[in-house]
Amino acid sequence: MNIFNTYRDYIENSIENLIAAGTLPAGLDSSRITVEPPRDPAHGDVSTNAAMVLAKPAAMKPRDLAEQIAARLREIEGVESVEIAGPGFINLRLGNSVWHQCLEAAIGLGKSYGDSDHGGGRRVNVEYVSTNPTGPLHIGHARGAVFGDVLASLLAKAGYTVTREYYVNDAGSQVDTLARSAHLRYCEALGRDIGEIPEGLYPGNYLKPIGRELADMNGDKWLDAPESDWLAEIRTFAIESMMALIREDLAVLGVHQDVFTSERKLVESGMVDEVLKTLEAMGHIYTGTLEPPKGRKPDDWEERPQTLFRASDFGDDIDRPLKKSDGSWTYFASDIANHLDKYRRGFTEMIDVWGADHAGYVKRMQAAVKAISSGEAELDVKICQLVRLTDKGQPVKMSKRGGTFVTLRELVDEVGPEVVRFIMLTRKNDAPLDFDLAAVTAASRDNPVWYVQYASARCHSVRRMAAAAFPNHDMSLSALARTPISCLTDDAELGLIKAVAGWPRLIEAAAEAHEPHRIAFFLYDTAALFHGLWTKGKDDSSLRFVIEEDKELTMARQALVRGVETVIASGLGIFGIEPVEEMR
RNA sequence: GCGCCCGUAGCUCAGCCGGAUAGAGCACAGGAUUCCUAAUCCUGGGGUCGCAGGUUCGAGUCCUGCCGGGCGCGCCA
């Protein structure tokens, strides 16, 4: 339950009353009304712009209308005061009891606190990682993997039915290159000196075990055989091996996906041909000639007519080719089939998570989704910008010689999966991210993971101290949910309670915007409030969490601590991180 | 040349589908520890929100044009 939604209902009821009373005309558009916490807490607890938004269509002065609405809001139980400010803001101040009820509810719900029906069970498909199965994942993939995985968890918490999807790019020429590279390692495993890996093949050592297995299974039958004999078989085997490797990499990071859709199968099943027919029937395809890109004309550019999709009819800048010069499908064509496949599986909300190098591809894919669904389906594309890996401020060298950049596995081995997951979400997806190996493992306020975990550890520490002070007292969640907490009236306590109360609203807003990073900032801010209250107890011992001579107060504060703990655990849970109970 | 993203304090960044006096951390200056983990906390200074227009009751946020940085631009995926 999001308390701001509760007050939105109250405000909308007030407006309906005014309509019924004839003060306001019927048919007003309430969609632009916001009900939110004011930025400046001095303005109260809940603020709405309703009077300003409705003033013009109602032909009233904003402040006059505000007064009419305010008069009705003052009748609501729990509303302490209603003030009109500035150009016509209505500011509500809520009594402490309202906040205390929020805290009680949070504790009562425990793990499920923050769960929302905002999504109404609507199905949403989140596609992420989706790399070529040609090698292990590197650090850049880690960001997209974490982002997609956490976004999916966030949407699930916000009441969506989520499918986590991986589109396996196993149909292009790159998997043929993979097969040739694997064949070379196969020859090597059979004792042949392969020398330097030729330009254009994958040099990585990770292919050596693949070559070994191929040799064990097939003997020397492909050693001097023409490529046509072995390409398809080795390709299939190598792709499967690479996908197994990628899944392991993802598992190490705690990332799992529900559906793996194979590009090759889409092509072989005729889905891509079908897409062409479908689009053709709709009149979205024609044969035409494209202008060469200006200022960067490829050397071997030759003008020729192509099969083009009318992307420019759907918001893209130019029309896009669907066939290569050799007649095979472009990646774009099969990706349209991929999205058509999703649409046919019942998804009208799709989210793709891509790397920065795919930014130029966004418009055409969105255009295609509109076209294949006749505007019914919506695709949001989240671009994850580059990760700059440093150590104590110095860039970490990427070794191309070994055929790998810094691999995801190396990164996770170095700092642990939980640190990687948290840090990857400490920036908006569309901003570059600095990942400093030294900073992310430091024990200081600079390091958000550590800082939030420290707050969690302190919660547990206080819990242990309280249990020691009152050994025979029931401090279970259900007991604390019933304990009287009206004695929590200090500003710092109320501030923390309000932060806890704001958790459901944050979930809904972050899910709506597809912005999981907001959780990281929320957790950091909440941790800061908690650390602040903690230290206040140093100056003023009456604010300590455990007061041995006052059991009632201690229990009330236990309730607060459990509320904080609940929110931190809930937030870290979406990130796939286990809260710590102790710091050593 | 074109498209997308970014530009907010000395540095790194928040700013919630437009809202009130633009906020944190780092760094800098000062302060708090016989007491629940001081690995923390408190106080202070510090800003033409890249520039210029526009939209409106109101713009860091939306639109247009410039400037600067990143990514990309048929036959890679």
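Just the heavy atoms: all of them, side chains too, but no hydrogens, waters or symmetry mates, feed the values below. Please read these numbers as outputs of a predicted model, since none were measured by experiment. Protein chains get the first letters and strands the later ones, always in sequence-line order, with residue 1 at the start of each.
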Using heavy atoms and a sub-4.0 Å distance, could you list which residues of residues 464-471 of chain A are near RNA chain B? By number, please. A/Met465
Could you provide the dot-bracket string of RNA chain B, using ( ) for intrastrand pairs, [ ] for crossing pairs and | for bases paired to another strand, with Watson-Crick or G-U pairs below 3.5 Å? (((((((..((((.....[...)))).(((((.......))))).....(((((..]....))))))))))))....
Are A/Phe314 and A/His284 close enough that their ring centers fall under 6.0 Å? yes
Please list, in numerical order, the residues of residues 314-331 of chain A that have a heavy atom closer than 4.0 Å to any atom of RNA chain B. A/Asp317, A/Pro321, A/Lys324, A/Ser325, A/Tyr331
Tell me whether the side-chain N or O atoms of A/His358 pair up with the base of B/A77 as donor and acceptor below 3.5 Å, since no angle test is needed here. yes
Protein proximity profile, nucleotides 38-45 of chain B - base contact B, sugar-phosphate-only contact S, no contact -, cut-off 4.0 Å on heavy atoms: SBSS----
Are any protein N/O atoms closer than 3.5 Å to N/O atoms in nucleotides 8-13 of chain B? If there are, list each pair with its distance.
| from | atom 1 | to | atom 2 | distance (Å) |
| --- | --- | --- | --- | --- |
| B/U12 | O2' | A/Arg427 | NH2 | 2.8 |

Using the test side chain to side chain donor-acceptor pair (under 3.5 Å), find all partners of A/Glu303 that sit at least two apart in sequence or belong to another chain. none
Report yes if the distance between the aromatic ring centroids of A/Tyr524 and A/Tyr451 is under 6.0 Å, otherwise no. yes
Listed by chain and number, what are the ring pair (Phe, Tyr, Trp, His ring centres under 6.0 Å) partners of A/Phe545, not counting sequence neighbours? A/Phe530
Please table the atom pairs, donor to acceptor, closer than 3.5 Å between any side-chain atom in residues 57-68 of chain A and protein atoms at least two apart or in another chain.
| from | atom 1 | to | atom 2 | distance (Å) |
| --- | --- | --- | --- | --- |
| A/Arg63 | NH1 | A/Gly86 | O | 2.6 |
| A/Glu67 | OE2 | A/Arg74 | NH1 | 3.3 |

A/Phe89 ring over B/A20 six-membered base ring, under 5.5 Å and 30°: yes
Its contact letters, B for base, S for sugar-phosphate only and - for none at protein heavy atoms under 4.0 Å, make nucleotides 62-68 of chain B read -------
Which salt bridge (Lys or Arg N to Asp or Glu O under 4.0 Å) pairs, counting each pair once, include a residue from residues 528-550 of chain A, with sequence neighbours left out? A/Asp490-A/Lys536
Take the protein atom CD1 of A/Ile547 and the nucleotide atom P of B/C36, then report the distance between them rounded to whole Å. 13 Å
Could you give the CG-to-P distance, from A/Leu560 to B/C36, as a whole number of Å? 19 Å
By ring pair (Phe, Tyr, Trp, His ring centres under 6.0 Å), A/Trp534 pairs with (sequence neighbours left out) none
Return all side-chain donor-acceptor pairs below 3.5 angstrom for residues 28-38 of chain A, not counting sequence neighbours, or 'none' if the list is empty.
| from | atom 1 | to | atom 2 | distance (Å) |
| --- | --- | --- | --- | --- |
| A/Asp29 | OD1 | A/Ser31 | N | 3.0 |
| A/Asp29 | OD1 | A/Ser31 | OG | 2.8 |
| A/Asp29 | OD2 | A/Ser31 | OG | 3.1 |
| A/Thr34 | OG1 | A/Asn49 | OD1 | 3.3 |
| A/Thr34 | OG1 | A/Asn49 | ND2 | 3.3 |

